[in-house]
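Working notes, beginning with the structure itself.
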Amino acid sequence: MSGTASFRHASLALACAVSLTSGCATRAVDVRPAIVDPAEFQPWSCDRLQAEMDRVQQRAVELSWIVDERAGQHVVALGVGLMVFWPALLAMRPDGAESDELAALKGRFEALHEAARRNACPPPPAEMAPARAAAMPVLPGERMVYEERATARDPLRALNMTMTTLRRDEIEFVTDAVGVPTRWRQDLAGNVLEAPPGVVIWERLLRPGMALGDVLAGHLQISGDGQTRARVRGQVVAVGPQSIAGRAFDVAVIELYGDAPQGEGSTRLDGAMVVDRGSGLVLRLDLRSAQPLYQLQRRLVRVESAG
């Protein structure tokens, strides 16, 4: 199935799902794409067109979660990787500046898609572009070794994350977080897509290109347990180059604060996260809470070369 056909098929399928759960009346059909001439992009190479489509779709996903966080709609399956399902976005009824931005994004995406069709561009490869892969601070086959513990009173234990695959929109690892080799996947901002059960993960919290002062919102939860989701916000309080474990990173330091479920109520949660802005690799994570599930100190201590 071609990329265009696949995109339309997925969009139509989700549109049907949305109509079943919320009714056709909930769709903001008045949010129409801004008109953009595909001829503007036709001189671009296929690689550049695809990179810009990825960027546009990523921003659309971010916008959808901003709207969802404010409205509390908890719309699911808005995107898989970098694929965006526009009917679900429209069902969220964005308005004002968000409606204008969504219209601009959708118009730009459609023009880029048409320019790629006219240029007979092949479907984008699953693998990360070689130039970007070469610039990554950690490479496939290398192992990131962390030290972690629940609190300062607890003994340290090792956590190993061995990078296995660099994809266009995600990174895959094998981790021993639960004592046996298990797959871990995350997007290039650092959000967790798949993890072994029982470990702390963060979804839709981090964004590409985080800048000083950016405010973030998302969730922490225990993988495999939807009942222990903690709502958190964060702010980027520092950015810049940093050498950790003998590797050079471009980091964002994020202060975290929020609430974790505890019994019939909730309890305060705070902490900090240090993330490489170019790859989404998490270099440090500190969580403090009266909820034991969200007590964690994790630090990258070394990177072991392949072989």
Side-chain angles (χ1 to χ4, degrees), residues 128-167 169-196 199-202 205-212 214 216 220 223 234-256 270-288 294-307:
M128 182 178 290
R132 181 168 189 181
M136 294 285 285
V138 179
L139 299 174
E142 295 186 321
R143 177 185 299 165
M144 302 175 68
V145 181
Y146 296 83
E147 288 181 346
E148 69 170 30
R149 55 188 173 188
T151 71
R153 298 184 301 273
D154 298 311
L156 289 168
R157 59 182 179 270
L159 168 68
N160 297 301
M161 299 275 289
T162 301
M163 185 181 292
T164 58
T165 310
L166 291 174
R167 303 193 190 281
D169 56 352
E170 66 179 57
I171 305 175
E172 189 169 315
F173 300 85
V174 169
T175 179
D176 60 2
V178 292
V180 295
T182 311
R183 188 163 69 163
W184 176 291
R185 294 168 45 240
Q186 63 184 58
D187 66 23
L188 299 184
N191 298 295
V192 180
L193 306 173
E194 179 181 353
V199 301
V200 176
I201 61 172
W202 43 97
L205 174 62
L206 306 173
R207 299 203 302 260
M210 290 178 289
L212 186 64
D214 280 358
L216 312 173
L220 298 174
S223 180
Q235 184 166 25
V236 180
V237 296
V239 296
Q242 192 169 121
S243 178
I244 301 174
R247 302 294 173 98
F249 298 95
D250 176 22
V251 308
V253 180
I254 305 161
E255 286 190 351
L256 300 172
D270 59 33
M273 179 182 283
V274 179
V275 183
D276 178 56
R277 293 192 291 175
S279 63
L281 298 176
V282 174
L283 312 175
R284 177 173 173 174
L285 177 61
D286 291 318
L287 298 176
R288 297 176 294 273
Y294 291 107
Q295 293 180 346
L296 181 62
Q297 297 179 2
R298 178 182 297 165
R299 290 168 176 77
L300 180 66
V301 292
R302 66 181 182 275
V303 178
E304 298 177 350
S305 297

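These values consider heavy atoms only, across backbone and side chains, with no hydrogens, waters or symmetry-generated copies. Nothing here was measured: the structure is a model prediction, and the numbers come from that model.
In plain terms, the two heavy atoms of Ala177 and Val199 that are nearest each other are CB-CG1, 4.0 Å. Among all heavy-atom pairs drawn from Gln186 and Gly280, the shortest one is NE2-O, 3.0 Å. Considering all non-hydrogen atoms of both residues, Ala248 and Pro137 come closest at O-CB, 3.7 Å.
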Extract all donor-acceptor atom pairs below 3.5 Å that involve side chains of residues 160-167 and protein atoms in other chains or at least two apart in sequence.
from	atom 1	to	atom 2	distance (Å)
Asn160	ND2	Asp176	OD2	2.8
Thr164	OG1	Glu172	O	3.1
Arg167	NH2	Glu172	OE1	3.4

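Residues passing the side-chain hydrogen bond (donor to acceptor under 3.5 Å, both in side chains) test with Arg153: none are found, sequence neighbours excluded. For Leu212, the side-chain contact (heavy atoms from CB on, under 4.5 Å) partners two or more places apart in sequence, or in a different chain, are Val239.
Between Val275 and Leu206, some side-chain heavy-atom pair lies under the 4.5 Å cut-off. When side chains are defined from C-beta on, Trp202 counts as touching Leu285, because their heavy atoms get closer than 4.5 Å. Two residues are said to be in side-chain contact when any heavy atoms from C-beta on lie closer than 4.5 Å; Pro196 and Thr175 meet this criterion. Here the side chains of Tyr294 and Asp270 are not in contact, with every heavy-atom distance at 4.5 Å or above. The shortest distance between side-chain heavy atoms of Leu205 and Asn191 falls below 4.5 Å. A 4.5 Å side-chain heavy-atom check between Glu170 and Leu188 finds every atom pair outside the cut-off. You'll find the side chain of Ile171 stays beyond 4.5 Å of the side chain of Arg185, heavy atoms only.
A donor-acceptor contact shorter than 3.5 Å is absent between the side chain of Arg277 and the backbone of Ala252. Side-chain atoms of Asp250 do not come within 3.5 Å of backbone N or O of Gly278 as any donor-acceptor pair.
If you take CG on Leu256 and CG on Leu216, they are separated by 8.5 Å, rounding to the nearest 0.5 Å. We find the CG-CG distance between Leu159 and Leu296 to be 9.0 Å, quoted to the nearest 0.5 Å. Distance check: Arg247 CZ to Phe249 CZ gives 7.0 Å after rounding to the nearest 0.5 Å. For the atom pair CZ (Phe173) and CZ (Arg143), the distance works out to 13.0 Å, reported to the nearest 0.5 Å. The line from OG1 of Thr151 to CD of Gln297 is 6.5 Å long, rounded to the nearest 0.5 Å. Rounding to the nearest 0.5 angstrom, the gap separating the CH2 atom in Trp184 from the OG atom in Ser223 is 8.0 Å.
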One pair to check against side-chain contact (heavy atoms from CB on, under 4.5 Å): Leu283 and Val251. What are the steps and the verdict? CA-CA 9 Å; Leu283 312 175; Val251 308; 3.7 Å; yes

Step by step, would you call Ile254 with Val274 a side-chain contact (heavy atoms from CB on, under 4.5 Å)? CA-CA 6 Å; Ile254 305 161; Val274 179; over 6 Å; no

Is there a side-chain contact (heavy atoms from CB on, under 4.5 Å) between Ile201 and Leu220? Walk through the geometry before answering. CA-CA 6 Å; Ile201 61 172; Leu220 298 174; over 6 Å; no

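For Glu148, the CD atom counts as densely surrounded, since its 6.0 Å shell holds more than 12 non-hydrogen atoms of other residues, nucleotides or ligands.
Partner of Val236 under the side chain to side chain contact (heavy atoms under 4.5 Å, CB included) criterion, chosen from Met210, Met273, Arg207: Met210.
A salt bridge between Arg183 and Glu194 is present, with a side-chain N of the basic residue lying under 4.0 Å from a carboxylate O of the acidic one. Electrostatic pairing of Arg299 and Asp286 counts as a salt bridge here, judged by a charged N lying under 4.0 Å from a carboxylate O. Taking the charged nitrogens against the carboxylate oxygens, Glu147 and Arg302 have no contact shorter than 4.0 Å, which rules out a salt bridge.
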